[in-house]
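Here the structure comes first, spelled out in structure tokens, and everything after it is commentary.
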Amino acid sequence: MTEQSKSARIGGAGSGRRRKPPAPRSRRTAILVSGAVAVLVLGGAGLGYVYVKLDGNIKGVDINAQLGNDRPDDVDDGSMDILVLGSDSRAGDNGAYGKDEGGARSDTAMVVHVYEGHKKASVVSMPRDTLIDRPSCTDGRGGTVAGEQRAMFNTAYEAGGPACAVKTVESMSGIRMDHYIEVDFTGFKKLIDELGGVEITTTTAIKDDKSHLDLRPGTHTLDGEQSLGLVRTRKSVGDGSDLGRIQLQQAFMKAFIDQVKDVGVLGDPTKLLGLADAATKAITPDSELDSVKELMGFAKGLSGIGAQNVHMVTLPVEYDPRDLNRVIPLEAQSRQVWTALKNDRPIPASATRDAATGKADGVVR
């Protein structure tokens, strides 16, 4: 099957997996921070009359041109893989969250695998402190970034930008990423505020000075600032590691997915326009979803996925015996995860059974 015939199936009934040929110009797409699939349902709202306004918000990055042909095979099996990054740049409005030290890192990273039929998905969270062998890659300016052994996973983005992050994930997984989506702190906050907040329940108190979060046990509707604080909370939950923070992020994202779908059901055009405007300003996608029309088609192909159909796991890791502030992949278990997704199959429970967890499961529901 040719690349052109594959791309024709994306977004329609029985959506196919893989992408159309690289666009002749640089593009971008719109999505949420860690929840990937969730914001895409905004496209089903029938907002055609504001295409021009929303298209002006969307600016993209041509991952395909930077990566070239040295990538895993583009398999046409009806599934889809998306790398979603939350950037921790402290530039501009994001300066309130720390000092800008000259670069950005992937504060949050998830591989979203949408299964054939687009009715369910698996999400693999990538701990940012994972030590990996980072491959050499090409940055956005055409320069070459040297590879590095025992590099932290989140340095791939810092060293070479989105394309280097994608290449690193493809090197680790052996799976070609169909799409890339990035969101920053400020955009995330505005999107949650447009949504009207996200309702979650905490089973224990969470008080974290660094993320400015102070929640008692119970049910809360978090605004944008509080939501950002929750997905960045680390020291005050579980064992204080990035693994515990990932568990909070996963619980939050399930709540977010369901809430976004509820907004779509209500069909409030003003609400949906505000959400779409915030979403298209918040993100930096790859060059194949840089228009509202493309996003709408993509969204409709994924609109049947709810929180109950999303299986979230963390890449199986253990604490590095040489540096307990870092983690390293459990080789056999990680291979189980990637092999399952590569074959469009569910991730087996055995893949994560003996992995470090962060001990924050159940803190947020």
Subject >> S211 and T233: side chain donor to acceptor below 3.5 Å >> reply: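 Distance-only check passes for S211 and T233.
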Original post:
Do T202 and H220 have side-chain atoms, one donor and one acceptor, less than 3.5 Å apart?
Top reply: yes
Single-linkage hydrophobic cluster [X]~[Y], side-chain heavy atoms < 4.5 angstrom:
X	Y	result
I192	I206	yes
V84	I246	no
I63	V145	no

From [X] atom [atom1] to [Y] atom [atom2], the distance as rounded to the nearest 0.5 Å:
X	Y	atom1	atom2	result
L213	R232	CG	CZ	11.5 Å
S136	R134	OG	CZ	9.5 Å
K235	R245	NZ	CZ	9.0 Å
Y157	L85	OH	CG	7.5 Å
S227	I200	OG	CD1	8.0 Å
D74	R176	CG	CZ	4.5 Å

Test item: [X] side-chain N/O and [Y] main-chain N/O as donor-acceptor pair under 3.5 Å:
X	Y	result
D73	V75	no
E170	M177	yes
K254	V310	yes
Y180	I82	no
N309	K120	no
H118	G78	yes
Q249	V231	yes

Subject >> Residues W338, N343; criterion side-chain contact (heavy atoms from CB on, under 4.5 Å); working and verdict >> reply: CA-CA 9 Å; W338 301 130; N343 292 302; over 6 Å; no
Donor-acceptor pairs under 3.5 angstrom involving side-chain atoms of residues 326-337: please list them, not counting sequence neighbours.
from	atom 1	to	atom 2	distance (Å)
S334	OG	P316	O	3.3
S334	OG	L330	O	2.9
Q336	NE2	S350	OG	2.9

Are any non-hydrogen side-chain atoms of [X] and [Y] less than 4.5 angstrom apart?
X	Y	answer
V123	V313	no
V124	I347	yes
M312	S125	no
Q250	T314	yes
L222	L230	yes
M152	L131	yes
L315	P127	yes

Subject >> Option passing side-chain hydrogen bond (donor to acceptor under 3.5 Å, both in side chains) with Y319 (candidates D129, N325, D239) >> reply: D239
Ionic contact status for [Y] with [X], cut-off 4.0 Å:
X	Y	answer
D193	K190	no
R150	D323	no
R141	D139	yes

**OP:** Begin with the C-alpha distance, continue with both residues' side-chain angles, and end with the deciding distance and a verdict on side-chain contact (heavy atoms from CB on, under 4.5 Å) for I58 and K281.
**Re:** CA-CA 7 Å; I58 304 171; K281 288 177 179 175; over 6 Å; no
Original post:
Is atom CG of D70 surrounded by more than 12 heavy atoms (other residues, nucleotides or ligands) closer than 6.0 Å?
Top reply: no
Subject >> Distance-minimising heavy-atom pair for K342 and I175 >> reply: N-CD1, 3.8 Å
Original post:
Can you name the residues that form a side chain to side chain donor-acceptor pair (under 3.5 Å) with D344, not counting sequence neighbours?
Top reply: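 If we apply the side chain to side chain donor-acceptor pair (under 3.5 Å) test to D344, skipping adjacent residues, the hits are H113.
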**OP:** Run the numbers on K167 and C137 for side-chain contact (heavy atoms from CB on, under 4.5 Å), then give the verdict.
**Re:** CA-CA 7 Å; K167 185 162 187 177; C137 53; 4.0 Å; yes
Identify all side-chain donor-acceptor contacts of residues 355-365 below 3.5 Å with residues at least two apart in sequence or on another chain.
from	atom 1	to	atom 2	distance (Å)
T357	OG1	K359	N	3.1

